[in-house]
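Convention: sequence-line order gives letters A, B, ...; per-chain numbering from 1. No experiment lies behind these values; they were computed from the predicted model shown.
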Amino acid sequence: MPELPEVETVVRTLEHQLGNVTIKDCHVLWDNIIAYPTPQTFCAQIKGKTIQHYERYGKYLLFDLGSMMWIAHMRMEGKFYIQKSDEPYDKHVHVLFDLQDGRQLRYHDTRKFGKMYLYEKRKDIHQYPCFQNIGLDAFDERLTPTYLYHALHKRKIVLKAALLDQSVIAGIGNIYADEICFALGMHPETKIYHLRKKDFERLLQETRRILQGAIRYGGTTIRSYTSSLGVDGRFQLKLKVHAKKGEKCPVCQGEIKKITVATRGTCYCPTCQRKR
DNA sequence: GGGGTGCCCTGAAAGC
DNA sequence: TGCTTTCAGGGCACCC
Ligand SMILES: [Zn+2]
């Protein structure tokens, strides 16, 4: 599933492959992908726009169109492909963008969970309605241990729920949340109010180290999240606990267990990750 | 605020 | 073998 490192990989690949291309036309084949405005208005407004810049915030892709901002969230299985307009597309392609140069940008999504938005351009990213409840991106320089301490130290939620909460840190999903808990040597169900200031420093450090490492490896390619745009992540080779139920912990050789935390499948090592 | 459930969806996996 | 049921999961609405 596309989390921060996968989205970063996709956005840089799109930037490289498309550059400042102009969108000639747009076709929506599944209306619910377009969250705002209506599919008709979305198409009418995006037509003729040129992509000026490519950005990412949290798990969102942002296409700067000059006067407007096109924002996409790939949720579970969204993927982008660039193909010739006359090439056939399969049943999971839901939005088509005809480009000025004859190529076509295709949005593919098996589960149809992804969303796209098109807004008048704003100065601050948090002014877009879809970012109303989004906190600071994991690499936003305003994200500090102090911010985390204030945002979390009195909350009654568990560590993994805190990591997954996009209104605190934006960009962490199920895979990296498991890896971060393991790197911290903390049980995913550790109450967040047990963490001290020092712990929030480590939490931020480890979060950034792991996400940065994953970006370097082109993200993680497992299960549903197969390659997009010829992007084949290799970070799955570096995973220590996620999706490794029944395997040996790389540190203590103990067996990795799977439980449910915050309604998500969660893998951890009971020996290395003790509750406080 | 916080935990729980259901919804959006499909295909893989499990159950029979 | 083959048909049926269950389940996963990011984000959100809604419940208590
Ligand atoms: Zn261990």
**Student:** Which one, C:dG11, C:dG9, B:dT10, comes nearest to the side chain of A:K112?
**Tutor:**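 Taking heavy atoms from C-beta onward, the closest nucleotide is B:dT10.
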
**Student:** Is there a side-chain polar atom (N or O) of A:Q166 under 4.0 Å from OP1 or OP2 of C:dG11?
**Tutor:**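 For A:Q166, the contact criterion (side-chain N or O under 4.0 Å from OP1 or OP2 of C:dG11) is met.
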
**Student:** Determine the contact category for A:K59: base if any of its heavy atoms lies under 4.0 Å from a base atom, sugar-phosphate if only primed atoms, P, OP1 or OP2 are that close, otherwise nothing.
**Tutor:**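 Counting heavy atoms under 4.0 Å across all strands, the contact made by A:K59 is with sugar-phosphate only.
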
**Student:** Measuring from A:F131:CZ to A:Q166:CD, what's the distance to the nearest 0.5 Å?
**Tutor:**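 Output value for this atom pair is 10.5 Å.
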
**Student:** Taking only side-chain nitrogens and oxygens of A:W30, does any of them come within less than 4.0 Å of OP1 or OP2 of B:dC9?
**Tutor:**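 Result: yes.
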
**Student:** Starting at atom NZ of A:K91, determine the distance to atom C1' of B:dG11, rounded to an integer number of angstrom.
**Tutor:**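 After rounding, the reported distance stands at 9 Å.
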
**Student:** Would you kindly say whether A:N32 and A:K115 are connected by a side-chain donor-acceptor distance under 3.5 Å?
**Tutor:**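 Their side chains do not contain a donor-acceptor pair, so the 3.5 Å distance test is not met.
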
**Student:** In whole angstrom, what separates A:I157's CD1 from B:dG4's P?
**Tutor:**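 After rounding, the gap between these two atoms is 13 Å.
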
**Student:** Report yes if at least one side-chain N or O of A:H92 is closer than 4.0 Å to OP1 or OP2 of B:dT10; otherwise report no.
**Tutor:**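 For A:H92, the contact criterion (side-chain N or O under 4.0 Å from OP1 or OP2 of B:dT10) is not met.
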
**Student:** From the set B:dT5, C:dC12, C:dG9, return the single nucleotide nearest to any side-chain atom of A:R264.
**Tutor:**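 Closest of the options to the side chain of A:R264: C:dG9.
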
**Student:** Which residues end up grouped with A:F182 if you chain together Ile, Leu, Val, Met, Phe, Trp and Tyr wherever their side-chain heavy atoms are less than 4.5 Å apart?
**Tutor:**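 In the cluster with A:F182 are A:V241, A:V251, A:I256.
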
**Student:** Quickly work out the A:I134 CD1 to C:dG11 P distance and round it to whole Å.
**Tutor:**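 Distance check: A:I134 CD1 to C:dG11 P gives 7 Å.
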
**Student:** Just to confirm, is there a sub-4.0 Å distance from OP1 or OP2 of B:dC9 to any side-chain nitrogen or oxygen of A:N32?
**Tutor:**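 Yes, within the criterion.
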
**Student:** Using the side-chain heavy atoms of A:T263, tell me which of these nucleotides is nearest: B:dG3, B:dT5, B:dT10.
**Tutor:**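 Within the option list, the nearest is B:dT5.
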
**Student:** For DNA chain C, whose closest nucleotide is more 5', that of A:C130 or that of A:G265?
**Tutor:**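 Between the two, 5'-proximity favours A:G265.
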
**Student:** Tell me the interatomic distance from A:M76, atom CE, to B:dC7, atom C1', rounded to whole angstroms.
**Tutor:**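 Whole-Å distance recorded here is 14 Å.
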
**Student:** Rounded to whole Å, how long is the line connecting atom CG of A:D165 with atom P of C:dG10?
**Tutor:**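 Rounding to the nearest Å, CG of A:D165 and P of C:dG10 are 13 Å apart.
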
**Student:** With a 6.0 Å cut-off on the ring centroids, do A:H73 and A:Y60 count as close?
**Tutor:**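 Under 6.0 Å, so yes.
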
**Student:** For A:H153 and B:dG1, what is the distance between atoms NE2 and C1' respectively, to the nearest whole Å?
**Tutor:**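 So the NE2-C1' distance, A:H153 to B:dG1, works out to 15 Å.
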
**Student:** If we require ring centres under 5.5 Å and near-parallel planes under 30°, does A:F113 stack on C:dG10?
**Tutor:**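 Aromatic stack with C:dG10 present for A:F113.
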
**Student:** Determine, for A:D98 against A:K24, whether the closest basic-nitrogen to carboxylate-oxygen distance falls under 4.0 angstrom.
**Tutor:**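 Salt bridge between A:D98 and A:K24, a charged N being under 4.0 Å from a carboxylate O: no.
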
**Student:** Contact class for A:D109 vs. all strands (heavy atom < 4.0 Å): base, sugar-phosphate, or nothing?
**Tutor:**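 Result for A:D109 = nothing.
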
**Student:** Could you check how far NE2 of A:H242 sits from P of C:dG9, rounded to whole Å?
**Tutor:**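 The answer, rounded to whole Å, is 7 Å.
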
**Student:** Which whole-number value in Å describes the distance from A:L164 CG to B:dG3 P?
**Tutor:**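 Rounded to whole Å, this separation is 13 Å.
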
